[in-house]
Amino acid sequence: ITYPIYNIQFYNDDIIMAGTRNNGFMIYDINKDKINLYKNTNGDTKSLSVNSVYSIFVDNIGTIWVGTRGGGINKFNPNFNNFKVFQNNPDDKNSLSNNYIISIIEDRNNNLWIGTRGGGLNFYEQKNQQWTIYKHDPKNPNSISDDIISSLYEDRKGNIWIGTETGGLNKFYPKSK
């Protein structure tokens with residue numbers, strides 16, 4: 001494999017997934033020594049939204065979430081080899097805030113936290129399919145310190161730790177949201 005790789009995740013002991021720069025989303029089956037490469041196909045709404053993949057996350061039920069550079073977040077269905085794309089819609093407040101996805105985690109309540117480059121922190125409540133956006137507000141000292149979210153982590157108490165590009169480290173108490 002000679003593609004530039006942004007992210008590597010194991011699906012299980014036999015399957016490795018990789019996000020590439022401009023070459024799509026790759027799944028490598030170690031036992032079969034087989035690579036499946038998923039790319040954007042113009043006009044196909046069930047293909048990968050764009051070919052630069054920055055982040056990959058596997059949730060507690062095995063769903064694969066693929067964060068892209070400019071194409072939003074893609075929910076991969078391995079049974080049908082297709083994607084459901086979630087993107088920013090400026091006319092819809094219940095949508096992703098930004099299409100440049102850097103980090104993805106799942107909290108203990110099976111909700112997703114998605115860090116973007118410039119759109120702040122997105123909280124996706126999977127059960128109700130609702131989005132909540134947290135952005136930096138210079139007038140509010142309790143808001144997140146930057147809208148470029150580079151990393152996320154949930155601690156054992158359920159707090160979300162947010163690493164930002166220029167605002168340092170933030171601690172979010174989900175119970176107070």
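Each residue takes its place number in the sequence, starting with 1.
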(message) Is there a path of hydrophobic side-chain contacts, each under 4.5 Å between heavy atoms of I/L/V/M/F/W/Y residues, joining Trp161 to Ile104?
(response) no
(message) Between Asn99 and Val50, does the side-chain contact (heavy atoms from CB on, under 4.5 Å) criterion hold? Intermediate values first, please.
(response) CA-CA 10 Å; Asn99 291 328; Val50 297; over 6 Å; no
(request) Heavy atoms only: give me the nearest Ser55-Ile102 pair and the separation to one decimal. (result) CB-O, 3.3 Å
(request) Please answer whether the main-chain N or O of Asn111 pairs with a side-chain N or O of Glu125 as donor and acceptor at a distance below 3.5 Å. (result) no
(message) I'd like to know if the side chain of Asn77 reaches the main chain of Asn82, judged simply by a donor and an acceptor atom lying under 3.5 Å from each other, with no hydrogens or angles considered.
(response) no
(message) Other residues, nucleotides and ligands only: do more than 12 of their heavy atoms fall within 6.0 Å of CG on Asn79?
(response) yes
(message) Less than 4.5 Å apart, side chain to side chain, heavy atoms only: is that true for Phe172 and Phe123?
(response) no
(message) Within the 4.5 Å heavy-atom criterion, are Ile144 and Ile149 side-chain neighbours or not?
(response) yes
(message) Tell me which pairs pass salt bridge (Lys or Arg N to Asp or Glu O under 4.0 Å) where either residue lies in residues 60-70, with sequence neighbours left out.
(response) none
(message) Is there a path of hydrophobic side-chain contacts, each under 4.5 Å between heavy atoms of I/L/V/M/F/W/Y residues, joining Phe57 to Trp131?
(response) yes
(request) Could I get the full list of ring pair (Phe, Tyr, Trp, His ring centres under 6.0 Å) partners for Tyr6, not counting sequence neighbours? (result) Tyr54
(message) As an exercise, state the distance from CG of Asp13 to CD1 of Ile30, rounded to the nearest 0.5 Å.
(response) 8.0 Å
(message) So for atom CG, which belongs to Asn128, do other residues, nucleotides or ligands contribute more than 12 heavy atoms lying within a distance under 6.0 Å?
(response) yes
(request) Measure the CZ-CD1 distance between Phe86 and Ile114 for me, rounded to the nearest 0.5 Å. (result) 8.5 Å
(message) Going by salt bridge (Lys or Arg N to Asp or Glu O under 4.0 Å), name the pairs with one or both residues in residues 153-166, residues two or more places apart or in two chains.
(response) Arg108-Glu154, Arg117-Glu165
(message) Taking salt bridge (Lys or Arg N to Asp or Glu O under 4.0 Å) as the cut-off, I'd like each qualifying pair that reaches into residues 30-46, sequence neighbours left out, listed once.
(response) none
(message) Can a donor-acceptor pair be found, under 3.5 Å and without considering hydrogens, that links the side chain of Asn40 to the backbone of Ser49?
(response) yes
(request) Any chance you could measure Tyr134, atom OH, to Asn170, atom CG, to the nearest 0.5 Å? (result) 13.5 Å
(request) Group every Ile, Leu, Val, Met, Phe, Trp and Tyr by side-chain heavy-atom contacts under 4.5 Å, then state whether Ile105 and Leu121 land in the same group. (result) yes
(message) To the closest 0.5 Å, what do you measure between CG (Asn98) and CD1 (Ile133)?
(response) 9.5 Å
(request) Look at the side chain of Asn122 and the backbone N and O of Thr116, then say whether any donor-acceptor pair between them is shorter than 3.5 Å. (result) no
(message) To the closest 0.5 Å, what do you measure between CG (Asp146) and NE2 (His136)?
(response) 7.5 Å
(request) Write down the atom of Lys135, the atom of Asp147, and the distance for their closest heavy-atom approach. (result) CA-OD1, 3.2 Å
(request) Measure across Ile8 and Ile16 and return the closest heavy-atom pair with its distance rounded to 0.1 Å. (result) CG2-CG2, 3.8 Å
(request) Applying side-chain hydrogen bond (donor to acceptor under 3.5 Å, both in side chains), name anything that partners Asn110, two or more places apart in sequence or on another chain. (result) Asn60
(request) Please step through side-chain contact (heavy atoms from CB on, under 4.5 Å) for the pair Asp59 and Gln126, ending with a clear verdict. (result) CA-CA 11 Å; Asp59 70 18; Gln126 293 193 71; 4.0 Å; yes
(message) If I compare all heavy atoms of Gly167 with all of Ser145, which pair ends up nearest, and what's the gap?
(response) O-OG, 2.7 Å
(request) Please answer whether the main-chain N or O of Ile73 pairs with a side-chain N or O of Thr68 as donor and acceptor at a distance below 3.5 Å. (result) no
(message) Grouping I, L, V, M, F, W and Y whenever their side-chain heavy atoms are under 4.5 Å apart, do Leu169 and Tyr153 come out in a common cluster?
(response) yes
(message) Test your reading of the model: is there a side-chain donor-acceptor pair from Asn74 to the backbone of Val85, 3.5 Å cut-off?
(response) no
(request) Could you tell me the separation between the CD1 atom of Ile160 and the CH2 atom of Trp113, rounded to the nearest 0.5 Å? (result) 5.5 Å
(message) Any side-chain to backbone donor/acceptor pair from Asn22 onto Asn51? Under 3.5 Å, distance only.
(response) no
(message) Can you give me the closest heavy-atom contact between Gly120 and Ser97, atom names plus distance?
(response) N-OG, 4.5 Å
(message) Using every non-hydrogen atom in the two residues, find where Leu112 and Glu106 come nearest and quote the distance to one decimal.
(response) CD2-CB, 4.0 Å
(message) Quick check: do Ile5 and Met26 have side-chain heavy atoms less than 4.5 Å from each other?
(response) yes
(request) Report the hydrophobic cluster partners of Val53, with the cluster defined as I, L, V, M, F, W, Y residues connected by side-chain heavy atoms closer than 4.5 angstrom, directly or transitively. (result) Tyr11, Ile15, Met17, Phe25, Ile27, Tyr38, Leu48, Ile56, Val58, Ile64, Val66, Phe76, Phe83
